[in-house]
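Working notes for the structure below.
Below, chain A is the first sequence line, B the second, and so on; all start at residue 1. As the structure is a computational prediction, the values presented were derived from the model and not from experiment.
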There are 2 protein chains.
Amino acid sequence: MIRTKQRELIKNAIMESNTHPTADELFQKIRIQLPTISLATVYRNLNMLASDGIIRKIEMPDMPDRFDWRMTVHDHLYCEKCGKVFDFTLSNALDKQIEEVSGMQVKQYNLIAKGICSDCMKKL
Amino acid sequence: MIRTKQRELIKNAIMESNTHPTADELFQKIRIQLPTISLATVYRNLNMLASDGIIRKIEMPDMPDRFDWRMTVHDHLYCEKCGKVFDFTLSNALDKQIEEVSGMQVKQYNLIAKGICSDCMKKL
DNA sequence: AAACAAAATGCAAATAAATCTCAATTTTTC
DNA sequence: GAAAAATTGAGATTTATTTGCATTTTGTTT
């Protein structure tokens, strides 16, 4: 894989993030350092990095995808109040259980919870 | 809620379905009986029915939403071979567990597994 | 059942996210 | 440093869904 300035910046931007940014958020951030970069390049590189197993694409239901540098098994919770995305880890992964109850072969699963984060709960 | 011919047809079409159809699939089907119906009406009514708790909208990651008449707690598996969507039910719902490990208040969750259904496995 | 208000419809245009096309540029290879 | 390979930027395109609005349909009132 060829190394370009833009790929470097994109990778760094995710690695430094802890907000599960969208492609556009990353684009806006990187733009400050490299104003000529295009959104298409951001998308392209994010997809490359994801399919190379460097980062993870979080396919959010009916909202823009987000990207995560954390590659250990975990799932996500979207706070309906503040819009932030948080990580959580179930005591045991669901693959096996899903295979048992469905009789199908599970390659991966996507689990997104919606609710209210602890910060936002305090504010009520 | 006013009763119209189109709402009736839309509701019936889902209730009779067992393929977790998309809005467009329903549109194409209903069109045969009522050629003047518009896709916007289908979307509008599906959303109404869903927010009234009559049907359930399945927000699929990066593909068109699907609709389900089954209102009991269950999740979905998408077969990557045939594209069909299947139901499965975990031995216990995840809300509690997610709340425990995340410390947040869970309103709902969206769990979609991707894999290969038993029919398609036989064909390999 | 005529008249009025409220709700729903169809159509076209708008939106939003993501991908694609392709000429120009950059990076690697030889 | 020339040729080949990969990547980029910019804009057009695609797909799913929503919205605006004039028109029609439905429900309500008398």
Comparing nearest nucleotides in DNA chain C, the 5'-proximal residue of the pair Arg66(A), Arg7(B) is Arg7(B)
Base, sugar-phosphate or nothing for [X]? Non-hydrogen atoms, less than 4.0 Å.
{"X": "Thr22(A)", "result": "nothing"}
{"X": "Asp65(A)", "result": "sugar-phosphate"}
{"X": "Leu39(A)", "result": "nothing"}

Please tell me if Thr4(B) has a side-chain N or O lying less than 4.0 Å from either OP1 or OP2 of dT9(C).
yes
When you measure from the side-chain N and O atoms of Gln6(A) to the phosphate of dT26(C), is any distance below 4.0 Å, counting only OP1 and OP2?
no
Suppose we screen for ring-ring contact (aromatic ring centres under 6.0 Å, His included). Which residues come up paired with His76(B), at least two apart in sequence or across chains?
His20(B), His74(B)
Are the side chains of Ile30(B) and Ile10(B) in contact, using a 4.5 Å heavy-atom criterion?
yes
5' priority, DNA chain D, between Arg3(B) and Asp24(B) [closest heavy atom]
Asp24(B)
For DNA chain D, which nucleotides open and close the run of contacts to chain A, 5' to 3', at under 4.0 angstrom from a non-hydrogen atom?
dA6(D) to dG11(D)
Pair Asn110(B)-Lys114(A), side-chain donor/acceptor within less than 3.5 Å
no
Among residues 40-51 of chain B, which residues get a heavy atom nearer than 4.0 Å to DNA chain C?
Ala40(B), Thr41(B), Arg44(B), Asn45(B), Met48(B)
How about NZ on Lys57(A), more than 12 heavy atoms from neighbouring residues, nucleotides or ligands closer than 6.0 Å, or not?
yes
Using atom CZ of Phe27(A) as one end and atom P of dA16(C) as the other, report the distance to the nearest whole Å.
16 Å
Protein-nucleotide distance (Glu8(A), atom CD; dT26(C), atom P), rounded to Å
18 Å
Under the 3.5 angstrom rule, does the side chain of [X] hit a backbone N or O of [Y] as a donor-acceptor pair?
{"X": "Trp69(B)", "Y": "Ser17(B)", "answer": "yes"}
{"X": "Asp52(B)", "Y": "Ile54(B)", "answer": "no"}
{"X": "Tyr109(A)", "Y": "Leu94(A)", "answer": "yes"}
{"X": "Arg7(B)", "Y": "Ile2(B)", "answer": "yes"}
{"X": "Glu25(B)", "Y": "Thr22(B)", "answer": "yes"}

Under a 3.5 Å cut-off on both pairing distances, which runs of 3 or more consecutive Watson-Crick or G-U pairs involve DNA chain C?
C:1-30 with D:1-30
Sequence neighbours excluded, every pair satisfying side chain to side chain donor-acceptor pair (under 3.5 Å) that has a member inside residues 97-106 of chain A
Gln97(A)-Ser91(B)
Residues 42-51 of chain B vs salt bridge (charged side-chain N to carboxylate O under 4.0 Å, His left out), sequence neighbours excluded, gives none
